[in-house]
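Contents: one structure, followed by commentary.
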Amino acid sequence: MGEMEQLRKEADSLKDQITAARKAVQDTTLQEAVAGITVVGRVQMKTRKTLRGHLAKIYAMHWGTDSKLCVSASQDGKLIVWDSITTNKVNAIPLKSSWVMTCAYAPSGNFVACGGLDNMCSIYNLKGKDGNVKVMRELAAHTGYLSCCRFLNDSEIITSSGDCTCVLWDIETGTEKTIFTGHQGDCMSLAVSPDFKFFISGACDYTAKLWDIREGQCRQTFGGHESDINSIGFFPNGNAIITGSDDATCKLYDLRADQELITYQDSGIMCGVTSLAPSLSGRLILAGYDDFNVNIWDSLKAERVGVLAGHDNRVSCIGVSSDGMACCTGSWDSFLKIWN
Amino acid sequence: MTIRNTLRDHGQRYRPRMACLKKAEKVLLEMQDPKTGVKSQPQRLVITTIPHAITGEDILSWLADRFQVDTQEARNVGSMLVALGYIYPLQDHKRLVIKPDASLYRFQTPYFWPTQQWPVEDTDYAIYLAKRNIRKKGILELHEQEQYNRLHKWMNHKWDFIVMQAKEQYRAAKERKKPDRVVFDCQERAYWVVHRPPPGTVSAMDYGLERRIEPNADETKTPDFYERIMIFTQQSIMRPRVKSSVSIGALVKYCATYNNHDPFLSKCLPSNPWLTDDITYWNLNMTNVAIPTKMRVERWTFSFGELLSDPRGRDDFRLFLKKEFSGENLAFWEVCEDLRWGAAVTMREKAEQIYKTFLARGAPRWINIDGKTMEITVNGLKHPHRYVLDAAQTHIYMLMKKDSYGRYLKSPVFKDTVKKAICPEEQKFTDAQLEQNAKNRRPSLSPIVLRQQEQEQRAKMAANAPVDITQVMSKLSKQGKEAPPCPPPAKK
């Protein structure tokens, strides 16, 4: 027992040292730095398109890199690739397991992936002749549900799972290349850095971790939330991360200075954040909440500058297209809406 | 045998929501404050008087005032409190929303709050329905009747117990005073409307799929666990940290730089396709358009990364480097990217090609990297993997960034591009034209098709391009012929 106590004390003192190291570089705060900047004016966006076709809760959506096609996954057992301009369905892919929780579009546009309670990540080939979309790979090794997946390129994909690990897969061979362990709760969400060298994951142990893809190591851990982190994203310049949690707040963390910068919260918001996405410049953060709305935050001044109301049930996923032109929200009311 | 009722058990599995529910409860307590809370009054309803009833309008105005929000948002918050079961309506009790009029509501007793951790079990529901049946037959709604029948079937083995409990509760209730009984009945009814809602209700109790691990659960921590934490923490402490002022400054600068390029904050010319259904904007900004727009060219000046990541920008840069006879740097960087992101099967072949073209002594497009990096790279190429060229690529990237990029921005090539770049006029459409635009919408080209077209175009251009002297040299040297000396660069 004595040994354990000693180890625990050592671990705690090291944690204090990290806190001290972080404090040492904190020569200013975000609030001080932006004191001279005015808040962004009220942002009013309207629904430009509604994508109808799913028959049950939509759990995830992801934009393609051309900013016009997007894929969405719903618990009716379908993965639909939409041409969002015309609202046509380009592909409607039936899934083996209807308990899907995530979907992803490959940067090349050749593949889409999805996964959920079947503990597997299924990769579908969109390139097939005569429009036939078939399963190309089934990546199975997780012992928990698949909460999120993101392609690095046509041969590699990263997945996060309810078994507290994230895995980098080699799609061609269908094997795990690297397993990222360290979280102590279900990994709920992940995001890849703009230079594809790092990725971040948010988990039910209230922390977010930054991982080096090549080294396979966790480089930094960020705490501060009081409940599960549901959603995570990179600030567009790749040097800061944004997290959204079930404690009704979003937080901005600085990667280079290794600390929390600011919390986006409001006493009137008493429901969890399900999803978030930054705008192209990073100045706006769009976050979807359990109360059926999306709140738009001024990321530097931490004030709410807009609301997107229009869904009849929880907003489960949100994404901003890569050219920054439109934001797409998916909800449990089975509709996707494009806002602008 | 316990049957896990996970989808109905709103107590125990509520862990992720607790943080929010605690916030809601604080607000509830404030609302019930006799001095600063919502105005309450006893209301006469038929023959009984119900104490502490509050009107919908009072609730909404209190919320709007407390959180400094408009009526719509106050309604949202209010409806959420009702949906969670903290406030319940006295009339129209099945619709869990706040009506902005004189409709009456009451605060739910903490006994029935969702944060009470006891699970919402079917047994309790069965007892409740049985009790109501005893009180007055035929009072159950259709969906309640269906539930009752279902529970009767599945809980047949303990139905005697359920009926006995129901009778006991009914008898105990009759002994209470009438007002108390009415109040308790309302509270209980409201509780069950929240947890067993009528079909078609969007229930706030629906929290989706369950989380797997309970992070607060006591687990035996092994010494190994602490060792790992300590190693990680020690490594973390030793990593360099940048001063906050520098890092935050960079963030703020980024936002400011890209402000005009953010379609949510600035107008885009000629018009935003999502608003007008006119795709000129996308046509003007296609990947390999001949003449780029001014906004696009401006982005190339923001950072070297931006220039390289835009294929059109990279083409322009390549043109400049060709004139300076240092095109091999960019060519090397591109093949490194290709190796890193390409298919694993072709890696060995690519690695050999790269070595012959760029790294070997006397290679036709030899790149200038320092001795140490060269040594590491050449050794690594013996067993090529995705990241084998990382060191060399970084070196060349920094070389281009610090040297060529700056000169590119001042070069005639770039100045020419800037001059030719188009700044489209803002399009103004009449309503009739907008309708026409909407009708003329064409499906987007699949990115797969676009890329095929691009590759075909590149192949065509390569076939027609003037002979590249360096390629000829490499061919000659492969054939074993002596390579004539390179012509000196043209005097400026």
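Chain letters run A, B, ... following the sequence lines, proteins first and then strands; every chain starts at 1. All heavy atoms count here, side chains included; hydrogens, waters and symmetry mates do not.
Interface remark: B/D277 contributes side-chain atoms only to the contact with chain A (heavy atom separation under 4.5 Å). Of the two parts of B/R386, only the side chain, counted from C-beta on, holds a non-hydrogen atom closer than 4.5 Å to a non-hydrogen atom of chain A. Heavy-atom distances place both the backbone and the side chain of A/D247 under 4.5 Å from chain B. Interface remark: A/S108 contributes backbone and side-chain atoms alike to the contact with chain B (heavy atom separation under 4.5 Å). For A/C164, the part sitting under 4.5 Å from any heavy atom of chain B is the side chain, from C-beta outward, and nothing else. Only the side chain of A/E172 comes within less than 4.5 Å of a heavy atom in chain B; its backbone stays farther off. Only the side chain of A/K49 comes within contact range of chain B, with at least one heavy atom under 4.5 Å from a heavy atom of that chain. For a residue to count as touching a neighbouring chain, one of its non-hydrogen atoms must lie under 4.5 Å from one of that chain's; by this rule A/K9 does not touch chain B. Of the two parts of A/I37, only the side chain, counted from C-beta on, holds a non-hydrogen atom closer than 4.5 Å to a non-hydrogen atom of chain B. With a 4.5 angstrom heavy-atom cutoff, A/E32 does not touch chain B via any of its atoms. Residue A/P194: no heavy atom, backbone or side chain, is found under 4.5 Å from chain B. Residue A/V320 touches chain B through its side chain alone, counting heavy-atom pairs closer than 4.5 Å. Neither the backbone nor the side chain of A/D333 comes within less than 4.5 Å of any heavy atom of chain B. Contact annotation for A/L69: only side-chain heavy atoms (C-beta onward) come within less than 4.5 Å of a heavy atom of chain B. Of the two parts of B/L209, the backbone and the side chain both hold a non-hydrogen atom closer than 4.5 Å to a non-hydrogen atom of chain A. Interface remark: A/L286 contributes side-chain atoms only to the contact with chain B (heavy atom separation under 4.5 Å). Within the 4.5 angstrom heavy-atom criterion, only side-chain atoms of A/R314, from C-beta onward, approach chain B.
If you tally non-hydrogen atom pairs under 4.5 Å between each of A/A326, A/S13, A/G109 and chain B, the highest count goes to A/A326. Ranked by heavy-atom pairs shorter than 4.5 Å toward chain B, the options A/V34, A/D170, A/V307, A/I85 are led by A/I85. Of all the listed residues (A/L152, A/N237, A/N313, A/D66), the one sharing the greatest number of non-hydrogen pairs under 4.5 Å with chain B is A/N237. Contact tally against chain B (heavy-atom pairs below 4.5 Å) for A/F196, A/W332, A/Y145, A/Y59: the top residue is A/W332. Heavy-atom pairs under 4.5 Å with chain A peak, among B/F264, B/F67, B/F232, at B/F264. Between chain B and the residues A/A240, A/S67, A/S227, the largest count of heavy-atom pairs under 4.5 Å involves A/S227. With chain A as the partner, the residue from B/C20, B/P240, B/S303, B/A19 showing the most heavy-atom pairs under 4.5 Å is B/C20. If you tally non-hydrogen atom pairs under 4.5 Å between each of B/K26, B/M80, B/Q72, B/Q235 and chain A, the highest count goes to B/M80. Ranked by heavy-atom pairs shorter than 4.5 Å toward chain A, the options B/E73, B/Q234, B/E227 are led by B/E73. Options B/R228, B/H261, B/R241 differ in how many heavy-atom pairs under 4.5 Å they form with chain A, and the most are formed by B/R241. Comparing A/N88, A/N293, A/I296 by heavy-atom pairs within less than 4.5 Å of chain B, the highest count is held by A/N293. Options B/A343, B/S247, B/S236 differ in how many heavy-atom pairs under 4.5 Å they form with chain A, and the most are formed by B/S247.
At distances below 3.5 Å, at least one donor-acceptor pair connects side-chain atoms of B/D262 with backbone N or O atoms of A/S281. A donor-acceptor contact shorter than 3.5 Å is absent between the side chain of A/N340 and the backbone of B/W274. Put simply, the side chain of A/D27 gets close to the backbone of B/S245: a donor and an acceptor are under 3.5 Å apart.
A/M4 is not listed as a side-chain neighbour of B/F225, based on a closest heavy-atom distance of 4.5 Å or more.
Evaluated for a side chain to side chain contact (heavy atoms under 4.5 Å, CB included) with A/S267, the options B/R66, B/K23, B/Q68 yield exactly one hit, B/R66.
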Would you please test B/E210 and A/L117 for side chain to side chain contact (heavy atoms under 4.5 Å, CB included) and show each step?
CA-CA 10 Å; B/E210 240 175 81; A/L117 288 183; over 6 Å; no
Test log, rule salt bridge (Lys or Arg N to Asp or Glu O under 4.0 Å), inputs B/K22 and A/E226
CA-CA 11 Å; B/K22 298 276 182 228; A/E226 290 161 2; over 6 Å; no
Quick one: do B/M230 and A/L7 satisfy side chain to side chain contact (heavy atoms under 4.5 Å, CB included)? Show the steps, please.
CA-CA 9 Å; B/M230 288 197 285; A/L7 284 172; 3.5 Å; yes
Could you walk me through whether A/D163 and B/R212 pass the salt bridge (Lys or Arg N to Asp or Glu O under 4.0 Å) check?
CA-CA 8 Å; A/D163 64 7; B/R212 199 164 162 266; over 6 Å; no
Step-by-step salt bridge (Lys or Arg N to Asp or Glu O under 4.0 Å) determination, A/D258 to B/R239:
CA-CA 10 Å; A/D258 191 31; B/R239 275 190 232 280; over 6 Å; no
Let me see the working for A/E10 and B/Y226 under side chain to side chain contact (heavy atoms under 4.5 Å, CB included), right down to the final yes or no.
CA-CA 9 Å; A/E10 259 188 81; B/Y226 285 114; over 6 Å; no
Would you please test A/F235 and B/Y254 for side chain to side chain contact (heavy atoms under 4.5 Å, CB included) and show each step?
CA-CA 10 Å; A/F235 193 84; B/Y254 189 92; 4.2 Å; yes
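Under 3.5 Å, the side chains of B/W341 and A/D154 contain no donor-acceptor pair of N or O atoms.
The distance from atom CG of B/L251 to atom CZ of A/R256, rounded to the nearest 0.5 Å, is 8.0 Å. Rounded to the nearest 0.5 angstrom, B/S309 OG and A/D195 CG are separated by 11.5 Å. Note that the CG atom of A/L280 and the SG atom of B/C255 stand 10.5 Å from one another [nearest 0.5 Å]. A/D290 CG to B/R17 CZ: the interatomic distance, rounded to the nearest 0.5 Å, is 5.5 Å. In this structure, B/T233 OG1 and A/K15 NZ are separated by 6.5 Å, a value rounded to the nearest 0.5 Å. Summarising the geometry, atom CG belonging to B/L28 is positioned 8.5 Å from atom CE belonging to A/M270; distances are rounded to the nearest 0.5 Å.
Remark: A/K68 is positioned above the aromatic ring of B/W282, its terminal NZ or CZ atom under 6.0 angstrom from the ring centre and at most 45 degrees off the axis.
Heavy-atom contacts from other residues, nucleotides or ligands closer than 6.0 Å to NZ of B/K243 number 12 or fewer.
Residue A/C204 comes nearest to B/R211 through the heavy atom pair SG-CD, 3.5 Å, listed as atom of the first residue, atom of the second, then distance.
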